[in-house]
Structure formats: structure tokens, C-alpha cells
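Taking it in order: structure first as C-alpha cells, then the write-up.
Below, all heavy atoms of this structure are taken into account, side chains as well, without hydrogens, waters or symmetry copies. Letters A, B, ... are given to chains in the order of the sequence lines, protein chains preceding strands, and every chain is numbered from 1. Bear in mind the structure is a predicted one, so any value in this text is a computation, not a measurement.
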Amino acid sequence: MKYNFNAIEAKWQKYWADNQTFKAINGSDKPKYYVLDMFPYPSGAGLHVGHPLGYIASDIYARYKRHQGFNVLHPQGYDSFGLPAEQYAIQTGQHPAITTAENIKTYRRQLDQIGFSFDWSREVRTSDPSYYKWTQWIFIQLFESWFNIDTDKAEDISELEKVFASEGNAKVNAVCDENIEPFSADDWNAFDSKKQQEILLQYRLTYLAETEVNWCPALGTVLANDEIVNGVSERGGHPVIRKKMTQWSMRISAYAERLLQGLDTIDWTDSLKESQRNWIGKSVGASVSFKVIASGTKQSHKIDVFTTRPDTIFGVSFMTLAPEHELVSKITTPEQKEEVEAYIIASSKRSERDRMADVKTISGVFTGAYAEHPFTKEPIPVWIGDYVLAGYGTGAVMSVPCGDQRDYDFAKYFNIPIPNIFDGIDISEEAFSDKEKTVIGNSDFLNGMNYKKATKRAIYELEQIGQGEGKTNYRLRDAVFSRQRYWGEPFPVYYDAHGMPQMIDEKFLPLELPEVDKYLPTETGEPPLGNAKKWHWLQYGDKAEIVSKDEFENSSPLGRLGGALELNTMPGWAGSSQYFNRYMDPNNGDAIFSKEAIDYWQQVDLYIGGSEHATGHLLYSRFWQKFMFDKGYVNHDEFAKKLINQGMILGTSAFVYREESTNNYLSLGLIEGKKVQPIHVKVKYVNASDELDIEGLKSDTEFGEDYTDAKFILENGVYKVGRDVEKMSKSKFNVVNPDDIVLDYGADSLRLYEMFLGPLEQYKPWNTAGITGVHNFLKKLWKLYHQGENGTFYVSSSPTSEELGEALKTLHKTIKKVQEDIENFSFNTSVSTFMIAANELTAQKCTSKEILEPLLVLISPYAPHIAEELWSQLANSGSISTAPFPEFDASHLVESSKNYPISFNGKMRFTMELPLDLSKDDIEKAVLAHEKTQEQLAGRTPKKVIVVPGKIVNIVG
RNA sequence: GCUCAAGUGGCGGAAUUGGUAGACGCGCUGGAUUCAAAAUCCAGUUCUUUCGGGAGUGUGGGUUCGAUUCCCACCUUGAGUACCA
């Protein structure tokens, strides 16, 4: 019997599906283990060989854990809301639900044929109403909560209302909107309901606010910061502008410190933690308040700044406001008015991108106003300049030119004095910003102090005069949660007669997406949901329905609740921020998950996915998890204990070279000195030796150039292509479809090869030619269990003790190495180990069951189909997937002698075989007596001989 | 600019605590088999060499009996981030 991989793989995939082999049970005597993949967005293009890399790694780990006796949860699902399906709907009119369902079908087929051990009974789809019911539910929970700084957690908004009613808001210490007016209990109780709701909205964890957002006109929607790359949209590369809009926001900033601290408690990669730390952007310093010196009839103002260097406060020689700063118009003197206004207009025309690209040009204008130094009382000129950003800190800085290079450049350019407050430092060329070496001088009470002491003292003195305090600032902004799209979760929100947002009662969820005629914004510029004919909430008591505007207006107002439903939908990250918990109890209709389920599965033990989600999904999910923890729904405030980022598999593109203005294509070796244009060709027409299949290329009508009349100039009878490593993409003709690989070599070969390519975390190129190596290994493995011309199954159960000895050594060496490799996620080296084992056992002509049976369990996580097949041929019943992992026995690896490397001054020159029980002195004697030692020494006497028993001998001299 | 990761044969990569650099595989070379090809099997494959040997892990230094591994400086590549006060 030949190794017929296609038949074997189909057989076992069917077996697993029929027997629900990988169904995880909630609650078991076995210890639990939760292995999670980042679920895919089902795109229309299907999977290419790069996509399954992380899934194969996590599948190996999940299968390994089952062999170790764990109850393993290894689910999969689809992040199925998103832009591409909607764009397709706009173009073709096809409902995104249909496109999505088709794409999911393709994905499922492709995933199934790779042999993953997913528990498909737990599949989730974020676009399914039974799933997004719970995304809407979490939104309501967030709406009904506020963040109490005193307890450092989220609490019920009803508690806050009680506090307001009994003592007002003076003592409330909350993360909330800025500039909330103080009110007493009496004030609160006198407010009407609308006013009360407006105030509460300023405290809620999800709130409605007019915010400056990233608007992408081409996509017709708002984008989050992490959806913008280099100033253009991540999807499609369209320009993005700033625009003020009323939007739902998430108060993630409330969790900034906990999100930062939590990083120390989880086993995630350092680079990923570092990205999150940078994104959160904590800086410790002080806020300082400067009084603006009143001129003429103008009323007094103050400028608040944030600084990380309060120790340099005596070095302030001017202040700079962002051009958009609200005080600019109020403090500018009549003489400067014209110039200032011209500057504001000029800088508003510069896009965010221009401003970023052009950091060298110094520009700014004096406002004519002066502020008063809090200590010296000297007047300080107030400037505006676009190097100060309105969106960070307070949008104003105290400029210390001697200590900050940007302030220094600005001062030099505009001839502003640069007082030196550093002892013994020359600042004639550039600013001095080294905190560690700072000794403050020329600064009254700070003289002679280092950075740390001076900072502390400066903050103390500022507090004494009531003009400042220690402050920590975070770069992390609240997350805009509204999108002007169709294909996303509808908000469970309607607007009442006062225009105030109201949550739909939980019992009516899910609020399903309405049907629309077209998926574009309405003519009046409303989001696509504005096209829905029926999108008004109408509720009397326990009865509710969605009706048209007219039906709502004509309904009886008596006991009526309702109004226009929210037209925005939720962003892409909404559905992915709690999916890992939903998998624990995915079919629960009464709760997002049961208490029993979360108590049993706890949290994700291993999460594998791409690093591109570092500041998006992985940050938002941690935020929601912390919120769910505060509310007592989950018992860990981090959702994933360990996280690994798999690297990307790149394509190996192939090029032909057309000689300029001809139809001649030159082989790679002939292009030197010629003017040629490299052109991508499909990689499937290139063999392992980089030779082009010219006939194949010419007969291909599907893509690319027309080669029918092309002349290919050969070298040594063949056409050699050029090669380059690039991202896999259709336009580069370097995409490799796993379907083709599975058909030609089998899923087990694909799995082994993806692992064999290199370390999991690394970026590495795919080259289909190399797969023959692992495929040959599988054939060799098959042959170990089969004999003769026809390959009849043969495994002996009574081997001679001699052949077993060597084979046992091979087996146990392999057990040890493979176990270590899996636990270190070093899957590439275990594939090598399997190859070595198969080579050795073949050389040993090993046929014994005692060796070959445990070997299958070792290989089973990597190549599960062939392992199942041979396992069943060995007359085992059932699946190999829960067979216990073989125990390593060190006694089989004990050696009596060692082939010692003999080095001279650290360079290995020869080896000699010596017994391991020899003493140090005896080893030295034996080595020095060796003829090659004398040859190396050439008459010299060794100065020193280093003997490390069992390792090495080094002779110095 | 800052932060992080990484530089090893023609290629992907291995060397877990400092101890025989290049495992394993691809490709290449030669051979067997074949009418021929595919497939399979065997031998070789870092460079250099006067065939004794010598050099060698991005570059330059250091620590050590001994460094791909530890330390310092620099160069290159990739990723993230950026007028963040």
C-alpha cells in the first residue's frame, strides 16, 4: 500500500467530524487548557499559505496538550463584519450577509482540509444577531457605568445618581468630561430629567460627544487612529481629514494606568508590550498655571500647561500656544490681530500630514500678550506656533529654550532670549536635555539641585502658591466608537423626544440590522442606516416593534417609549473585544456566558496571532476585559495569559526581464549591461532551480502580459528567472494557495513545511520547491511501517534486544527534544528532529512496535492524518488524539564514552574517544600522549590544560 | 529622532546554561537504476589550500583557557512610533 495522502486525509477528517473528536466539554476531571487563534476576517480572496501559519502552531500545541491529558478548548470563528463586504455591496447591490456567508464557506472548506482540531460546535460569527446581541449588551453595560478614581474601577451609574441626589458632585472623583460645572444636591434635584441625563452622559464609560475625528471622505466614515497608516486610511489608502462630529466614544482613558500596569502581569512579547506602552504614552510631570497679564479692558485669563520638566521653570522665556487654542483669540492684542489670524488660517490649511512631514520649518507669531512667571513675576511673551499640538496635553507649553531643542530652535529663529539655568553647561550651540546630568543654577530656591530634587521642590512651591501640581499625562485618547457604515453592529439606542439617547431594554436584544435599498450614505449625508424605511423604536410596556417614522409619529403618545434609532454602527473592534469569553459558552441565549463556564475556563492560556493588532484589538480587548472584571462578570482582569505573535510568510516573486523596446525576454544571467524591465510572472511556472516553464507561461490567459509573441533568450538551454522576497499579493503573482499544496503534497506536508520554514515569530519567505523535503520525510516514515515492493504493512512485536537498544536511544532522544521544542514553541526544530529519527530508524532497519507506536504520538500533533492512519493500522481503536504522550526515560541515553573535541587555544583540531568515567588527570595524560597533540605543539610545552569532563579539552600554549 | 527586533554557506535555517559553527531541508555536483524521463537510492557540497593545513557567524574593540552566545562602539536591514512639551 502506497502513502495515499489524499485518501488518508479525507478519511480522518471525516472521522473527526463524525465523532466530534475535538469537542470540548465545559467541566471535566482533566485540567483545562484554552488555546486561541485570532479569528479571521473572511475575505473574498480566501486563504493563502501565509494565513494558516499561526493556526498550525496553535493546533500543534492544542493537540500536544490533549496528549498530555488536558481538556483543551480550541475554538474558531469569524470576525465577519467589515468594510470589504460592504464595499462589494455598494458596487454590486449584493447584501453583505450573502457575500459573507459565501466567503465563510470557502474559509471553512480551506481550514477543514488542513486538519485543524477546532471545536466547530462553538463557532461564532460577529455578524450573527445571536452573537452581536451580546456586543450590544456590553455597550449597554458600559453606558450604565462610570469610573470611580477613588476605587480605581467602574461602578454603576445608579450609585452616582444617588451621590448626586444626596451631596452633589463636589466630592465625586471620576474620569469624566472636562469642565463639568459643580452642583449641589439641591441643584441636582431641581434639574429637569433632560439636564440630569446630560450631566450623567458626561460621566458614562460610553458617551456621546462632539469630537474632532478622523474623517475619510472616500470611505464616508470615521476612522480610529490605529486605522490610519502614514496619514491615509489603512484600507484603500484614502486621505483622511480632521472634522468635528457627534460620536459615541469609549472612555478607555479611564483605564490608562491599569492597562499599563497590567502589562507586567502577562506573558506577552516585549515588543508588543512596548508598543502598548508607547501608545498609552504615560508622562509624569506637573501642570502649571500662568496668569496672563491684563492689558487695557481685557479680562484676566490663565494659561495651563503640562510639563515633564518643572525643575526648569526658571528657564522659561516665552510660552507657545497651539494655533487652535481657545485663548488665542481672547488674548491677542489689536496690533497683532491681523498677523495672528493670518497665521491661524495658514496653519489650518496645512494638513496633518504636511505638518508631520515638515518638522524642520520653524513658524510662529507673537500674540502681543504677556504671561506672568509664577515665581519671578517677570512678563513672559506668549506666542503661537504649530509645533505645539492642540490635541496633546493642554495645547500650550511653557517654553524653556535652554532645555528643549524645539524651544531652542524657535527662540533662536525669533531672537527670543535663552537664559541658561544649568550649572557648568554650554548652551551656545544646542539645548541641554540630559536629565541625569542636570544641576540647576540661576533658579532661586532650586539652585544646586539635581533633576529629581528640583522637580519635587518646584512642584511643592507651585502648590504653595496655588499655581500648579504634580500631574501625570497620557497620550491614550478616548476611542471613537461610531462608524458611518452599514455592515456593523447597530447601537441598541434610540433618541427620545428631547434628543437624549436611551438604551433599549436588554430583553429586546438583539436589535437587528434593518434592510436598506442602498448601502451608501443618504442624500442628506446621513449614514447608510438612514436609508432604512423602518428605523424607529416604538414600545409600549413589554411590547416593542421597529416602525417607520410616520408610523411612530402617528402612534399614541400615551405610555409610549421610543424614537429614531441610532444611525451609526459599531466599529470593527467591537465584535472582537469579548469573543474569547463567548467561546466558553457560545450558544447561551440568556447570558453572554454562564458563571459556570467562565469559572471553569477562566482565561485564555495561549493566544496566537499577528502583531498588527498591538494597539487595536489587543488594547481594546484588555480594556473591555478590565471593565467586565470590575463588574464581576469575569475573574481575571487580563484575558490572555500568554501571547505569541506569529511572523508573516512572504512570497518569493519571480521576474522575467524584457529588453527595452523589444519583445525579447533575457534570462537572468544575460541582463548585465542591458536595459531591461523586470516583470512579475506567476510563481507556479518556476521550478526549484529557478527555471521558467515558457510553454506554461505562454498558454496562461488569466493574468499579466501577453507572451504569445515573446522571444525568450535562454542561457545553457534554460530561462532563469530573477527572484525577490515580497509580501504575498495577487498583483505580484506570488500568492500560493494552500488548496494546490494540499492536493499535490497533502495537508500533513503543508503543516510540516509551514513549521519547518523557520521560527514561528519570524518573517520568512515561502518557496514551494522546498516542500519536497518534508514530503519525502512522510514517505520515509510511511515506509518504516511497510515492507516490500507493494508496501505491505509490517511491524514486529518481538524485536531482538540489540536492535531495540539503538532504536530506543533514537526514540527517547526524539521524545526529549520534541517535548522541549513544543514547550518552547520551537516547532521548526522538532520537524528536523523527526527527520533525523526517521533517518536513523531506517538505517537501523527498525520494525518494532515498541518504537514505532510511541513515535506516532510524537508526530501526531504535527502530521495528524498519517499518525491516525498508522495508529489504526497498528490495530488501535479510536483516535490517536488522546493517546498519552510518551514518557522520556533518560536511562536509554546513558553513554559510556565521549568523543572529546581537543582544542588548542580555543580552536578545535581533532577529536578522540575517551571513557566518560576517566578522571581529569587521566584525560589530560591521555590527550597529551596523543601523537596529534605533539604535532600541534611542535615541541612547545603547554602552559595550561583545561579539562571539562564530558565536554571539552583545551590546551593553551 | 526615539523604541524594539534581527544580521551565520547559493537559499530557509540549527547550535536551550559560553565548550566540536553550519544540524535538518532545499538547491547544486557526481554516481546507481532507466530505452528515456519522473521517482528512488548512494556519495559530496562554508571559503581557501602547495592537501600538511589555514581562515571563518555584519564591522572594530573588550572580557575569557575558550565567544554565533556576554560587554562597548559602529554599520546594515526590518517593524512600530513621532514636533508628546
Side-chain angles (χ1 to χ4, degrees), chain A residues 229 269-275 277-279 281-283 285 305-309 312 320 355-356 358-362 385-389 391-400 403-407 409-410 433 473-475 611-612 614-615 645 647-648 652 687-690 723 725 752-753 756-759 761-777 779-780 783 817 820-821 823-824 826 828-836 839 899-911 935 942-948 950-957:
Chain A
V229 177
T269 60
D270 287 336
S271 67
L272 197 140
K273 288 188 191 182
E274 202 54 34
S275 308
R277 282 190 195 107
N278 290 338
W279 196 258
K282 179 179 184 176
S283 28
V305 302
F306 172 76
T307 176
T308 55
R309 298 294 304 273
T312 64
T320 317
R355 254 167 94 160
M356 274 197 283
D358 178 24
V359 297
K360 296 240 163 61
T361 314
I362 295 164
D386 66 5
Y387 80 96
V388 177
L389 303 176
Y392 182 77
T394 61
V397 298
M398 60 177 226
S399 302
V400 183
D404 182 287
Q405 194 58 43
R406 290 158 304 169
D407 294 346
D409 295 340
F410 194 89
S433 57
N473 209 32
Y474 297 91
R475 199 185 75 108
S611 57
E612 67 273 20
T615 53
N645 292 126
M648 198 186 286
T652 309
N687 71 8
S689 312
D690 293 350
R723 309 224 73 163
V725 173
L752 283 173
Y753 189 51
F756 187 64
L757 280 177
E761 298 92 331
Q762 202 165 298
Y763 278 53
K764 50 213 174 258
W766 175 272
N767 194 345
T768 305
I771 201 169
T772 53
V774 293
H775 188 64
N776 284 341
F777 154 71
K779 286 200 248 180
K780 205 178 264 182
K783 278 191 189 158
K817 176 80 174 129
E820 283 168 0
D821 282 347
E823 279 163 15
N824 293 321
S826 175
N828 53 328
T829 50
S830 17
V831 179
S832 309
T833 306
F834 293 138
M835 290 174 172
I836 294 168
N839 290 343
N899 193 23
Y900 276 93
I902 313 299
S903 304
F904 292 81
N905 298 319
K907 289 253 173 236
M908 203 283 287
R909 292 306 177 214
F910 64 94
T911 61
E935 218 171 88
K943 282 190 198 126
K944 208 172 173 185
V945 179
I946 311 280
V947 178
V948 186
K951 288 245 157 122
I952 198 171
V953 177
N954 190 19
I955 298 165
V956 189

Going 5' to 3' through nucleotides 47-53 of chain B and flagging B where a protein heavy-atom sits under 4.0 Å of the base, S where only the sugar-phosphate is that close, and - otherwise, we get -------
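In this structure A:Ser832 satisfies the side-chain contact (heavy atoms from CB on, under 4.5 Å) test together with A:Phe756, sequence neighbours excluded. With sequence neighbours left out, A:Thr269 forms a side-chain contact (heavy atoms from CB on, under 4.5 Å) with A:Ser271, A:Leu272, A:Asn645. Applying the side-chain hydrogen bond (donor to acceptor under 3.5 Å, both in side chains) test to A:Asn905 and every residue at least two apart in sequence or in another chain returns nothing. Partners of A:Phe910 by ring-ring contact (aromatic ring centres under 6.0 Å, His included), not counting sequence neighbours, listed by chain and number: A:His930. Annotation: salt bridge (Lys or Arg N to Asp or Glu O under 4.0 Å) contacts of A:Arg475 (sequence neighbours excluded): none. Residues passing the ring-ring contact (aromatic ring centres under 6.0 Å, His included) test with A:Phe410, sequence neighbours excluded: A:Phe318, A:Trp383, A:Tyr387, A:Phe414. By the side-chain contact (heavy atoms from CB on, under 4.5 Å) test, A:Asp270 is found to be paired with no residue, residues two or more places apart in sequence or in another chain being considered. Under the rule for a side-chain contact (heavy atoms from CB on, under 4.5 Å), A:Glu612 has no partner lying at least two apart in sequence or in another chain. Partners of A:Lys273 according to the side-chain hydrogen bond (donor to acceptor under 3.5 Å, both in side chains) rule, which considers only residues two or more places apart in sequence or in another chain, do not exist here.
Base pairing of B:U76: its partner is B:A6, meeting the Watson-Crick or G-U wobble criterion (both donor-acceptor distances under 3.5 Å). The base-pairing partner of B:G19, taking Watson-Crick or G-U wobble contacts with both distances under 3.5 Å, is B:C65.
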Review item, nucleotides 15-19 of chain B N/O atoms under 3.5 Å of protein N/O:
unit_1, atom_1, unit_2, atom_2, d
B:U16, N3, A:Glu820, OE1, 3.2
B:U16, O4, A:Glu820, OE1, 2.4

Which atom pairs link the protein and nucleotides 24-32 of chain B when you take only N or O atoms and keep those under 3.5 Å?
unit_1, atom_1, unit_2, atom_2, d
B:G25, OP1, A:Asn839, ND2, 3.3
B:G27, O3', A:Ser689, OG, 3.2
B:C28, OP1, A:Ser689, OG, 2.2

